[in-house]
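Reviewing the structure listed below.
The model shown is predicted, which means the values in this text are computed figures rather than measured ones. One is the number of the first residue; the rest follow in order along the sequence. Any value given below was found using the heavy atoms of this structure, including those in side chains, with hydrogens, waters and symmetry copies removed.
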Amino acid sequence: MTDSTFVRGVIAGMDAPALNPLSGRYEVFAKGQLIAALRKLDASPLEERAAVALVEQLRQTLGQR
């Protein structure tokens, strides 16, 4: 997950069918798309809530440093 359009473009390019016979394995999400990323991973609603809570806790902890 990144907001960098450059990084998302590089990953998308690496996943191009002409360059990678195993294309379709990668998907890049912007930071604000946590729920979409978790759903792509088939996370349960309980796992989604736990992940969102953990990310928020990490943001608060890292923001204090």
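Judged by distance alone, with hydrogens and angles left aside, the side-chain atoms of Asp3 form a donor-acceptor pair with the main-chain N or O of Lys31 at under 3.5 Å.
Ile35 and Leu41 are not part of a single hydrophobic cluster, where members link through side-chain heavy atoms under 4.5 Å apart.
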Enumerate donor-acceptor pairs with a distance under 3.5 Å from any side-chain N or O in residues 47-54 to protein atoms, sequence neighbours excluded.
residue: Glu47; atom: OE1; partner: Ser44; partner atom: N; Å: 2.7
residue: Glu47; atom: OE1; partner: Ser44; partner atom: OG; Å: 3.3
residue: Glu48; atom: OE2; partner: Arg39; partner atom: NE; Å: 3.2

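The CD atom of Gln33 sits 11.5 Å away from atom CG of Leu38, with the distance rounded to the nearest 0.5 Å.
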